[in-house]
Participant: 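Have a look at the structure that comes next, please.
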Amino acid sequence: MEEIQTQKKEEQKHRETAEEEEEGPPPGWESAVLPPPIATVTAAVEIPEKAQMVCGSCRRLLSYLRGSKHVKCSSCQTVNLVLEANQVGQVNCNNCKLLLMYPYGAPSVRCSSCNSVTDISENNKRPPWSEQQGPLKSLSSIR
């Protein structure tokens with residue numbers, strides 16, 4: 001009878017130590033200290049708008065943040081000058097009649113198709129691209 005009681009006491013001690021061990025993390029485990037959460041911003045955050053252009057060398061479509069002055073093509077490494085809509089003029093090539101875009105104020109433009117040079121005169125100018133498309137809609141006005 002004493003053996004049974006001693007055995008029960010040992011089992012109870014074993015259960016208590018097992019419960020104590022289960023309460024904490026396993027040996028060698030260290031909890032990671034997380035940084036405090038970032039405070040939520042109550043003011044509206046301005047998300048920069050993206051724009052697109054075609055690389056002047058390899059003709060790939062490039063995405064860039066609106067307002068950038070230069071964009072480097074990831075494919076051919078060419079640095080492209082970014083012109084805003086009000087800085088771009090259009091003219092038809094004198095030779096092949098292809099519509100050409102050029103920096104506003106340039107005296108002439110070389111056609112990328114036939115390589116002929118077209119002088120830009122008052123009678124050959126078209127209105128800037130921005131005037132043809134109308135006012136630029138911002139991302140916030142579309143929503």
Side-chain angles (χ1 to χ4, degrees), residues 4-143:
I4 296 173
Q5 286 178 350
T6 343
Q7 193 177 9
K8 285 184 180 179
K9 284 181 183 178
E10 285 178 15
E11 286 177 7
Q12 188 176 3
K13 284 182 184 178
H14 180 67
R15 278 189 228 140
E16 287 175 3
T17 55
E19 287 175 6
E20 287 176 10
E21 289 177 4
E22 289 178 12
E23 288 178 11
W29 185 81
E30 294 181 24
S31 64
V33 179
L34 297 175
I38 299 172
T40 53
V41 179
T42 54
V45 177
E46 187 68 29
I47 299 171
E49 291 185 31
K50 293 252 183 180
Q52 294 181 329
M53 69 178 291
V54 175
C55 175
S57 182
C58 69
R59 304 289 185 231
R60 286 190 184 244
L61 185 64
L62 307 174
S63 292
Y64 63 95
L65 294 177
R66 191 173 296 284
S68 300
K69 300 293 180 199
H70 298 90
V71 177
K72 186 174 183 178
C73 178
S74 60
S75 179
C76 69
Q77 308 303 314
T78 300
V79 177
N80 294 276
L81 176 65
V82 177
L83 296 173
E84 295 298 321
N86 62 350
Q87 298 173 314
V88 177
Q90 295 179 336
V91 66
N92 287 323
C93 174
N94 283 341
N95 188 32
C96 68
K97 304 303 181 205
L98 181 71
L99 181 62
L100 306 173
M101 297 177 80
Y102 62 94
Y104 221 61
S108 62
V109 61
R110 181 180 302 272
C111 179
S112 60
S113 180
C114 69
N115 285 327
S116 69
V117 176
T118 301
D119 289 326
I120 299 166
S121 59
E122 286 303 316
N123 60 351
N124 198 12
K125 283 185 181 177
R126 296 182 81 185
W129 188 242
S130 58
E131 290 178 20
Q132 291 180 23
Q133 288 185 322
L136 181 66
K137 293 181 183 177
S138 66
L139 188 58
S140 56
S141 67
I142 295 172
R143 294 180 190 167

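Because the structure is a prediction, the values reported are computed rather than measured.
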Participant: Taking atom OG of Ser74 and atom CZ of Arg60, what is their separation to the nearest 0.5 Å?
Facilitator: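 The distance works out to 7.0 Å.
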
Participant: So which atom in Tyr102 and which in Gln90 form the shortest heavy-atom distance, rounded to 0.1 Å?
Facilitator: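 Closest heavy-atom pair between Tyr102 and Gln90: CE2-N, 3.3 Å.
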
Participant: Looking at side-chain heavy atoms only, is the closest gap between Val117 and Arg110 below 4.5 Å?
Facilitator: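 Yes, close enough: below the 4.5 Å cut-off.
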
Participant: Can you measure from CG (Asn95) to OG1 (Thr118) and round to the nearest 0.5 angstrom?
Facilitator: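 Result: 8.0 Å between the selected atoms.
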
Participant: Are the side chains of Arg59 and Ser112 in touch, meaning some heavy atoms are under 4.5 Å apart?
Facilitator: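 With C-beta onward as the side chain, the pair touches.
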
Participant: Looking at side-chain heavy atoms only, is the closest gap between His70 and Leu81 below 4.5 Å?
Facilitator: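 Of all side-chain heavy-atom pairs linking Leu81 with His70, at least one is under 4.5 Å.
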
Participant: If you compare all heavy atoms of Val91 against all heavy atoms of Val109, which two are closest, and at what distance to 0.1 Å?
Facilitator: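 So the minimum-distance heavy-atom pair works out to CG1-CG1, 3.6 Å.
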
Participant: Check whether any side-chain heavy atom of Lys50 sits under 4.5 Å from a side-chain heavy atom of Leu65, and report yes or no.
Facilitator: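 Yes, side chains in contact.
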
Participant: If I compare all heavy atoms of Asn80 with all of Met53, which pair ends up nearest, and what's the gap?
Facilitator: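 Here Asn80 and Met53 meet closest at CB-CE, 3.6 Å.
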
Participant: Answer whether the closest heavy-atom distance between the side chains of Cys96 and Cys111 falls below 4.5 Å.
Facilitator: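 Yes, side chains in contact.
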
Participant: Quick one: closest heavy-atom pair of Asp119 and Asn94, and the distance?
Facilitator: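 Residues Asp119 and Asn94, closest heavy atoms: N-ND2, 4.3 Å.
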
Participant: Would a 4.5 Å heavy-atom cut-off, applied to side chains only, mark Ser57 and Cys73 as touching?
Facilitator: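 No; the side chains remain at least 4.5 Å from each other.
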
Participant: How long is the gap from CD on Gln77 to SG on Cys55, to the nearest 0.5 Å?
Facilitator: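 Output value for this atom pair is 10.0 Å.
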
Participant: How long is the straight-line distance from NZ of Lys97 back to OG of Ser113, given to the nearest 0.5 Å?
Facilitator: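 Reported to 0.5 Å precision, the distance equals 13.0 Å.
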
Participant: Going by heavy atoms in the side chains, are Leu98 and Leu100 under 4.5 Å from each other?
Facilitator: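 Contact flag for Leu98/Leu100 side chains = yes.
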
